[in-house]
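What follows is a single structure, written as structure tokens, with notes after it.
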Amino acid sequence: MQEFSVALLGWYHKNKRDLPWRKTKNPYKIWLSEIILQQTRVDQGLKYYLSFLEHFPTLFDLAKASEQEVLKLWQGLGYYSRARNLHFTAKFIVNELDGKFPDNYNELLQLKGVGKYTAAAIASFAYDEAVPAIDGNVYRLFSRLFGIYTPIHTTKAQKEFFKIVSELIHEKEAGYLNQATMELGAIVCRPRNPDCEDCPLAFKCWAFEKNKQHELPVKKAKIQIKHRYFNYFIIEQEEGKILHLREQKDIWRHLYQFPLLERKNPLLEEIENFIVERFGTSHLTLSKINETPIIHKLSHQHLHLTFWKVTTDKIQELPKWHCFVNEDNVSKLPVPKSIESYI
DNA sequence: AATACGGGGCA
DNA sequence: TGCCCAGTATT
């Protein structure tokens with residue numbers, strides 16, 4: 001392992017990308033960057049990181065914000081529970097931990113939204129604790145390096161990799177070593193077409209020697225895609241278009257959308273009942289805005305979106321969880337990508 | 001152990 | 001079109 005760490009650090013200091021969260025030991029900034037980067041590419045997350053720090057320079061600023069503000073800034077990044085947990089945890093640290101950021105792996109692990117990877121990343125980057133931060137890059141790198149065919153999503157693999165990577169991460173340069181393994185995985189030991197010619201570890205890489213890079217890492221079969229059929233109703237009033245807050249335990253929780261009837265090929269009568277029942281209106285006319293449904297793809301669902309224009313008389317009172325969106329507040333209401341595109 | 005949870009980039 | 005990304009929480 002000694003020769004690995006020397007080669008790895010040498011390569012890292014020469015080739016690492018210049019990223020803002022690498023220039024700080026501030027746990028708040030490191031935590032923020034790690035949450036944003038979960039399942040998210042650096043290119044995509046970078047602007048969100050900068051924008052969050054601009055709006056919330058410190059943990060206390062974030063704790064003082066409303067959830068809606070936080071979700072609005074997060075809009076478009078996906079996996080919105082990250083934003084809700086981020087806000088919850090900021091408030092938790094300020095109110096329950098006296099504003100003191102947890103400073104070790106086990107304490108960090110207690111925080112909502114912080115799992116083993118993120119706890120290890122913060123502990124090693126900010127406090128040089130010797131714990132392995134194992135993300136997708138590291139699984140790929142080490143599975144190839146040692147020819148490990150254990151499917152990486154199993155608990156068996158978790159233990160196996162934790163043990164192996166632990167041997168590499170020592171106290172003195174824990175932060176650099178963790179970042180170096182991830183960086184090497186991201187830049188050189190890529191999923192497809194790894195750049196083995198430029199890899200500092202190729203001299204002792206099992207997959208390179210056997211030319212089996214493409215077989216590793218082993219993953220389990222993907223889950224089935226579900227299809228859902230969303231009918232959205234655009235109801236225009238003097239005050240703006242009607243939106244509805246998603247409250248249920250489902251995608252896009254706490255984001256706004258148009259009033260929704262989830263049904264494949266709804267009857268006109270069903271739609272009328274839905275609108276009348278919800279908004280207490282009497283006369284209405286309906287017309288489809290898009291004849292063929294727009295397919296909005298999520299990682300495990302395909303949403304078939306049909307937008308309907310609803311013309312109706314004035315709605316007297318908006319039901320709970322509803323509001324109007326107009327030019328004044330459109331910049332405040334968090335909405336999913338599909339709705340934003342429409343607006 | 002399996003599943004839910006977004007959106008975008010790339011070959 | 002399918003795969004993958006600085007994963008975590010829930011069931």
Side-chain angles (χ1 to χ4, degrees), chain A residues 12 16-17 19-22 29-49 71 74-86 88-89 108-125 132-141 151-158 161 165 175 177-187 189-194 214 216-226 228 246 248-255 257 295-303 334-341:
Chain A
Y12 178 68
K16 66 178 175 187
R17 289 169 291 183
L19 301 170
W21 47 84
R22 286 188 173 151
K29 294 184 183 177
I30 293 174
W31 167 62
L32 174 65
S33 74
E34 289 306 330
I35 301 299
I36 288 176
L37 292 171
Q38 285 167 5
Q39 293 291 283
T40 305
R41 282 195 180 67
V42 167
D43 292 342
Q44 192 190 358
L46 182 56
K47 51 181 180 290
Y48 286 85
Y49 173 78
L71 281 169
W74 198 271
Q75 180 176 305
L77 196 55
Y79 284 166
Y80 296 93
S81 65
R82 291 185 292 172
R84 296 193 305 271
N85 288 335
L86 186 80
F88 176 92
T89 295
L108 287 161
L109 205 47
Q110 307 300 314
L111 303 175
K112 253 191 196 173
V114 175
K116 295 175 85 165
Y117 162 75
T118 304
I122 302 171
S124 65
F125 299 172
I134 307 177
D135 67 348
N137 291 311
V138 180
Y139 276 114
R140 187 169 57 251
L141 177 67
I152 61 172
H153 294 293
T154 60
T155 50
K156 181 159 182 277
Q158 274 192 26
F161 281 78
V165 185
L177 284 164
N178 273 329
Q179 298 201 49
T181 52
M182 291 191 281
E183 189 76 341
L184 188 64
I187 296 184
C189 198
R190 299 177 296 237
R192 284 165 304 204
N193 306 321
H214 60 284
L216 293 165
V218 176
K219 299 198 165 187
K220 287 184 296 182
K222 271 217 343 185
I223 52 167
Q224 190 69 31
I225 299 280
K226 290 191 179 83
R228 298 172 71 179
R246 288 184 71 91
Q248 66 277 47
K249 229 173 175 175
D250 195 356
I251 57 172
W252 301 333
R253 186 144 87 108
H254 294 188
L255 271 63
Q257 62 180 10
I295 301 191
H296 185 83
K297 291 177 181 174
L298 307 181
S299 47
H300 63 299
Q301 299 182 25
H302 284 355
L303 309 179
V335 297
K337 206 71 186 170
S338 53
I339 300 297
E340 185 195 26
S341 314

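Order of the sequence lines fixes the chain letters, A, B, ..., with proteins taken first and strands second; residue numbering starts at 1 for each chain.
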Does A:Trp252 put a side-chain nitrogen or oxygen below 4.0 Å from OP1 or OP2 of B:dA4?
-> no
Let me know, please, whether A:Arg82 or A:Arg192 comes out on the 5' side of the other along DNA chain B by nearest nucleotide.
-> A:Arg82
State which residues pass ring-ring contact (aromatic ring centres under 6.0 Å, His included) with A:Tyr139; sequence neighbours excluded, sorted by chain then number.
-> A:Phe161
Can you name the side-chain hydrogen bond (donor to acceptor under 3.5 Å, both in side chains) partners of A:Arg246, sequence neighbours left out?
-> A:Asp250, A:Gln257
Per A:Asp250 side chain, nearest of listed nucleotides B:dT3, B:dC5, B:dG7 = B:dC5
Is the phosphate of B:dA4, meaning OP1 or OP2, less than 4.0 Å from a side-chain N or O of A:Tyr79?
-> no
Is the distance from OP1 or OP2 of B:dA4 to the nearest side-chain N or O of A:Lys226 less than 4.0 Å?
-> yes
By ring-ring contact (aromatic ring centres under 6.0 Å, His included), which residues pair with A:Tyr49, not counting sequence neighbours?
-> A:Trp21
Results of side chain to side chain contact (heavy atoms under 4.5 Å, CB included) for A:Pro191 - residues two or more places apart only | A:Arg140
Could you check whether A:Ile36 gets within reach of a base, just the sugar-phosphate, or nothing at all, counting any heavy atom under 4.0 Å?
-> nothing
Could you tell me whether a side-chain N or O of A:Arg41 sits under 3.5 Å from a main-chain N or O of A:Gln44, the two making a donor and an acceptor?
-> no
How far does the P atom of C:dT11 sit from the matching atom of B:dG6, given to the nearest Å?
-> 15 Å
First encountered from the 5' end of DNA chain B, between A:Asp43 and A:Val335 | A:Val335
Take the protein atom NE2 of A:His214 and the nucleotide atom C1' of B:dA11, then report the distance between them rounded to whole Å.
-> 17 Å
I'd like a table of donor-acceptor pairs (distance under 3.5 Å, sequence neighbours excluded) in which one partner is a side-chain atom from residues 111-123 of chain A, with atom names and distances.
unit_1: A:Tyr117; atom_1: OH; unit_2: A:Glu34; atom_2: OE1; d: 2.8
unit_1: A:Thr118; atom_1: OG1; unit_2: A:Gln38; atom_2: NE2; d: 3.0

Would you mind classifying the nucleic acid contact of A:Asn193 as base, sugar-phosphate or nothing, using non-hydrogen atoms under 4.0 angstrom?
-> nothing
Short side-chain to backbone donor-acceptor contact, A:Arg253 and A:Arg84, under 3.5 Å | no
Which part of the nucleic acid, if any, lies within contact of A:Arg22, taking any heavy atom under 4.0 Å across all strands shown: a base, the sugar-phosphate backbone alone, or nothing?
-> base
Set of side chain to side chain contact (heavy atoms under 4.5 Å, CB included) partners for A:Thr181, sequence neighbours left out | A:Leu8, A:Val138, A:Leu141, A:Phe142, A:Leu168
State whether A:His296 places a side-chain N or O below 4.0 Å from either non-bridging phosphate oxygen (OP1 or OP2) of B:dG6.
-> no
Is any N or O donor-acceptor pair between the side chain of A:Arg41 and the base of C:dC4 shorter than 3.5 Å?
-> yes
Rounded to whole Å, CD1 of A:Ile295 lies from P of B:dG7 at a distance of 16 Å
Could you state the atom-to-atom distance from CG of A:Leu77 to C1' of B:dC5 in whole Å?
-> 13 Å
Heavy atom of residues 177-185 of chain A under 4.0 Å from DNA chain C: which residues?
-> A:Met182, A:Glu183
In whole Å, what is the span from the NE2 atom of A:His153 to the P atom of C:dG7?
-> 11 Å
Could you check A:Ser33 against A:Lys297 and say which one's nearest nucleotide on DNA chain C is further toward the 5' end?
-> A:Lys297
Output yes when at least one side-chain N/O atom of A:Gln301 is less than 4.0 Å from OP1 or OP2 of B:dC5, else no.
-> yes
Considering just the side-chain nitrogens and oxygens of A:Arg140, establish if one lies under 4.0 Å of OP1 or OP2 belonging to C:dC5.
-> yes
Under 3.5 Å, side chain of A:Arg82 to main-chain N/O of A:Ile36, donor-acceptor pair present?
-> yes
What's the CZ-C1' distance between A:Arg17 and C:dC5, to the nearest Å?
-> 11 Å
Should A:Thr155 be listed as having a side-chain N or O under 4.0 Å from OP1 or OP2 of B:dA1?
-> yes
Phosphate contact (C:dG7 OP1 or OP2) by A:Gln39 side-chain N/O below 4.0 Å = yes
Compare all side-chain heavy atoms of A:Tyr12 with those of A:Leu177 and state whether any distance is below 4.5 angstrom.
-> no
Checking all strands, does A:Trp74 fall into the base, sugar-phosphate, or nothing category for heavy-atom contacts under 4.0 angstrom?
-> nothing
Under a 4.5 Å cut-off applied to non-hydrogen side-chain atoms, are A:Trp74 and A:Ile35 in contact?
-> yes
Classify the nucleic acid contact of A:Thr40 as base, sugar-phosphate or nothing, counting any heavy atom under 4.0 Å across all strands shown.
-> base
Measure the distance from CD1 on A:Ile187 to P on C:dC5 and round it to the nearest whole Å.
-> 14 Å
Kindly write out the residues that satisfy side chain to side chain contact (heavy atoms under 4.5 Å, CB included) with A:His302, not counting sequence neighbours, or none if the list is empty.
-> A:Ile225, A:His227, A:Ile295, A:Lys297, A:His304
Looking only at atom P, what distance separates C:dA6 and B:dC10, rounded to whole Å?
-> 12 Å
Distance in angstrom units between A:Leu298 CG and B:dG6 P, rounded = 7 Å
Using atom NZ of A:Lys219 as one end and atom C1' of C:dG7 as the other, report the distance to the nearest whole Å.
-> 11 Å
All N/O contacts under 3.5 Å from nucleotides 8-11 of chain C to the protein, with atom names and distances to one decimal?
unit_1: C:dT8; atom_1: OP1; unit_2: A:Gly115; atom_2: N; d: 2.8
unit_1: C:dT8; atom_1: OP1; unit_2: A:Gly115; atom_2: O; d: 3.4
unit_1: C:dT8; atom_1: OP1; unit_2: A:Thr118; atom_2: N; d: 3.0
unit_1: C:dT8; atom_1: OP1; unit_2: A:Thr118; atom_2: OG1; d: 2.7
unit_1: C:dT8; atom_1: OP2; unit_2: A:Tyr117; atom_2: N; d: 3.4
unit_1: C:dA9; atom_1: OP1; unit_2: A:Gly113; atom_2: N; d: 2.4
unit_1: C:dT11; atom_1: OP1; unit_2: A:Lys249; atom_2: NZ; d: 2.7

